[in-house]
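Small disclaimer: the values here were computed from a predicted structure and weren't measured. Convention: sequence-line order gives letters A, B, ...; per-chain numbering from 1. For the numbers below, each heavy atom of this structure counts, side chains included, while hydrogens, waters and symmetry mates do not.
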Amino acid sequence: MATNTAASTPPSLLRRAVIGRDPRRTLARALVLVVSVMVVAKFVLLPIKVEGGSMLPTYQDHRVNLVNRLAYLFHEPRRGDVVAIRLAGPSIMYMKRIVGLPGETVAFHHGHAVINGKILEEPYVKFPCDWERAPVTLAPDQYFVVGDNRNMPIEDHTMGEPHRNRIVGKLLL
Amino acid sequence: MSKRIFRAGLAVALIALGVCAWRIFFPSAEQVIRKRLNEVARTASFSAKEAPLATALNSQKLANFFAPEVEIRVDVPGRWQHTFHGRDEIAQAAASARSLVGGLSVEFLDITVTIAPDRESAEASLTLKARIAGEKDLIVQELKFFLKRIDGTWLIIRVETVKTLS
């Protein structure tokens with residue numbers, strides 16, 4: 001007389017912990033999880049690694065962060081937002097802070113950002129700055145972006161007026 | 001029922017294999033251009049250990065990706081503005097860059113290729129990512145390549161820097 005020992009003995013604790021009681025269900029769950037993570041990482045929260053010191057001290061070099069691609073679904077970018085700006089694609093992006101909004105005139109005087117002739121209060125700028133930059137008026141779909149680390153010659157700092165379609169999303173952390 | 005599923009699966013696998021084989025043996029113009037641009041990046045890269053003969057050969061090999069009357073316009077405001085004309089100037093610039101720095105790694109990312117309706121010319125947008133050996137900062141620049149099919153080969157006729165933040 002033969003008995004089915006596999007069916008009668010319960011699976012080991014280790015096996016249950018790794019693959020669960022029903023391996024097929026576990027596989028399906030794992031697949032759903034992998035697909036969800038891939039979709040979220042591509043279309044919702046884009047993982048990025050910060051390279052360079054242009055956003056110091058707010059964002060340290062080599063730190064990992066996330067770009068929220070849905071941040072501007074219901075409203076346009078706002079002043080003070082730290083945004084990711086794409087180049088040819090999303091593999092490499094500039095990470096900058098918005099200081100000027102469409103239609104505004106932006107300049108730098110004695111190291112201060114001047115918007116429409118008024119000095120902008122920027123508590124996130126911690127290092128001394130002596131920049132001078134002539135006023136520039138932004139187009140209806142342009143923003144003025146700049147890094148928080150202004151303790152360098154103005155020529156060495158990447159800043160400018162990207163168009164709205166280049167802004168991929170807002171930094172989450 | 002299971003035999004039918006097996007046959008359907010086999011048919012799908014064969015079709016996929018056929019498509020892959022077709023793409024390998026008969027690549028589209030877009031694939032050819034992508035491959036060529038990646039070769040340009042690989043050829044532009046070099047290490048400190050490169051021998052003098054290899055330097056000369058690789059500089060010439062790099063120049064051969066370009067059309068004889070090529071124009072490369074570099075315009076990075078506040079940093080560098082220069083226009084290179086012709087293959088010879090590119091070969092010279094590549095050779096002198098190789099002698100000036102101890103190594104360079106070049107990558108082209110996010111390549112988007114647009115083929116013109118005449119199928120004889122094309123435009124490619126990409127992001128250049130380069131790192132000079134021993135330097136901490138990356139060189140990042142958005143570029144636009146213009147290519148033309150000359151005697152069956154896609155050659156670069158013009159390169160322009162793109163001002164991303166303006």
For this session: With side-chain contact (heavy atoms from CB on, under 4.5 Å) as the test, would you mind laying out the steps for A:L87 and B:V140 before giving the verdict?
Result: CA-CA 9 Å; A:L87 283 89; B:V140 172; 3.5 Å; yes
Exercise. Using non-hydrogen atoms only, which part of A:V136 is less than 4.5 Å away from chain B: side chain, backbone, both, or neither?
Worked result: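 When you check distances to chain B, no heavy atom of A:V136 falls under 4.5 Å.
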For this session: Counting only heavy atoms closer than 4.5 Å, note whether A:Y94 contacts chain B via side chain, backbone, both or neither.
Result: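 Contact with chain B involves the side chain of A:Y94 alone.
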Greater than 12 external heavy atoms within 6.0 Å of [X]'s [atom1]:
X	atom1	answer
B:D88	CG	no
A:R78	CZ	no
A:E132	CD	yes
B:R23	CZ	no

Problem set entry | Nearest heavy atoms of B:T127 and A:A88, plus distance in Å |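 What the structure gives for the nearest pair is OG1-N, 3.0 Å.
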Atom pair [atom1]/[atom2] of [X] and [Y] - distance to nearest 0.5 Å:
X	Y	atom1	atom2	answer
A:T158	B:L165	OG1	CG	7.0 Å
B:S166	A:M159	OG	CE	12.5 Å
B:L138	A:I92	CG	CD1	6.5 Å

Spell out, yes or no, whether [X] and [Y] are grouped together once hydrophobic residues are joined by side-chain heavy atoms under 4.5 Å, including indirect joins.
X	Y	result
A:V106	A:I98	no
A:L45	A:Y59	no
B:V32	B:F145	yes

Exercise. Less than 4.0 Å between a side-chain N and a carboxylate O, is that true for B:E142 and A:R166?
Worked result: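 A salt bridge is present here (some side-chain N lies under 4.0 Å from a carboxylate O).
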For this session: Answer yes or no: is there an ion pair linking B:K136 with A:D61, defined by an N-O contact shorter than 4.0 Å?
Result: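 The answer is yes: the pair qualifies as a salt bridge.
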Problem set entry | Contact winner vs chain A - B:L126, B:T164, B:L109, heavy-atom pairs under 4.5 Å |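 Top option by heavy-atom pairs under 4.5 Å: B:T164.
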Problem set entry | pair A:P90-B:D110: side-chain heavy atoms closer than 4.5 Å |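 They are in contact (side-chain heavy atoms under 4.5 Å apart), so the answer is yes.
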